[in-house]
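Have a look at the structure below, then the notes.
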Amino acid sequence: MEKNVQLTPAYDSILSIQAYQTGKPIEELSREFGIHDVVKLASNENPMGCSPSVTLAITEHLSQLARYPDGSGYYLKQAIADFTDVNVDQITLGNGSNDILDMIARSFVSNKDAIVYSQYAFIVYSMVAKMQGARGIEVPAKRFGHDLDAMRDAVLNNDNVKVVFIANPNNPTGTLLTTDELREFLQAIPEHVLVVIDEAYIEYSPESNNRGLLDEFEQLILVRTFSKAYGLAGLRVGYALCNAEVAAIINRIRQPFNVSRVAQAAAQAALSDQAFIQRVQQTNQEQMQWLAKQFDALGLGFIPSYANFLMVEVGDAKTVNQKLMEQGVIVRPLAGYGLENWLRITVGLPEDNIRLIDTLHSVLV
Ligand SMILES: Cc1ncc(COP(=O)(O)O)c(C=O)c1O
């Protein structure tokens, strides 16, 4: 990119940020290829949509759109506090959990500091480091997951680490760390280093429960979202749970109305329907097992996943991805993560998954 001397960004590292590649929208593929029955398995959205109670809650708020939302998110925070058994002052609301990740970096990381994250972990962690002009320390992955021993060493061997990001389950690899592994890691990390466990996909791993770690470690931040299992990606709501002092700092830089009125009402309704979440988990589990069998039959390797997507080794992923798109199937190539041979495929509804497998059969011959 050509540099304009008058308009330089705050930090040179901003120029090395690749704008975030979102999954191709269905409408765009329809326009490009003239296909109308597009299947999108690219952004780990919930193919079952959201709880019916959400629609009702949204409708009730439509007459109030001329009014600003409650900037404190009182009712939603109360509902999250009840659900997670924390105090309201331990909660920060975000415009999606990306907003939370961004706020954590802006609140705590300067250009003299460093952020530690794993190779093959969610790409936003390296983006926020560059955004702050901070050093991003990428620790090589172990069997496609976080190598917590190596991450601990990276923290201990660099004085200026302020934040560690851990995605659990990890995107895009789908790996999961146990609570015991995380506890052992936290015990070795100095108290002035914040450890962020990004639980965007945690509802797909109901056996996993790291909430208790919050009471043990003051430096821990758990980040969650309504975009995945709750099916509200289009509304943008996420939240952080952490100790009240850390939350108070993050809240100082939060935009006053970062979660819209409709989004707050929808998230509250979504949280109250845990039976829906159980159906989502179960369907995801069944469909993931079915997909795994099909990948085996196709001779494709994949990483066992604890989330709602599978990372599959297809050889020349760029070509396979292009051919899938031409037939109306959108998945996610992972070259941006240095995984040129892999695709990340979101678990869809049974009919989506059948279409994916049929299309893969025709593309791979
Ligand atoms: C690990 C992880 N964290 C955070 C996010 C951000 O999601 P949102 O901003 O929609 O909450 C994503 C989205 O893909 C993700 O995969």
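Note that ligands are numbered from 1 as they come in the structure, with each ligand's atoms numbered from 1 the same way. Bear in mind the structure is a predicted one, so any value in this text is a computation, not a measurement. When a residue number appears, it is its place in the shown sequence, counting from 1.
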Under 4.0 Å between a side-chain nitrogen and a carboxylate oxygen: does that hold for [X] and [Y]?
| X | Y | answer |
| --- | --- | --- |
| K40 | E45 | yes |
| R211 | D215 | yes |
| D296 | K293 | no |
| R355 | D352 | no |
| E216 | R183 | yes |

- Item | Where ligand 1 meets G96 - atom numbers and elements under 4.0 angstrom, heavy-atom basis | 9 (O), 11 (O)
Nearest to [atom], what protein heavy atom do you find, and at what distance?
| atom | result |
| --- | --- |
| atom 9 (O) of ligand 1 | R236 NH2, 2.7 Å |
| atom 10 (O) of ligand 1 | S227 OG, 2.6 Å |
| atom 12 (C) of ligand 1 | F122 CZ, 3.3 Å |
| atom 6 (C) of ligand 1 | S97 OG, 3.3 Å |

- Between F226 and ligand 1, which part of the residue brings a heavy atom under 4.0 Å of the ligand: side chain, backbone, both or neither? neither
- Location of contacts on N171 toward ligand 1, heavy atoms closer than 4.0 Å: side chain
- Which of these, R344, R332, K228, has its nearest heavy atom closest to atom 13 (C) of ligand 1? K228
- Message: Between V195 and F217, is there a side-chain heavy-atom distance shorter than 4.5 Å?
- Response: no
- Could you check N168, N210, N209 and say which one makes a side-chain hydrogen bond (donor to acceptor under 3.5 Å, both in side chains) with T179? N210
- Item | Geometric N/O contact N95 with ligand 1, under 3.5 angstrom | no
- Do any heavy atoms of D198 fall under 4.0 Å from ligand 1? yes
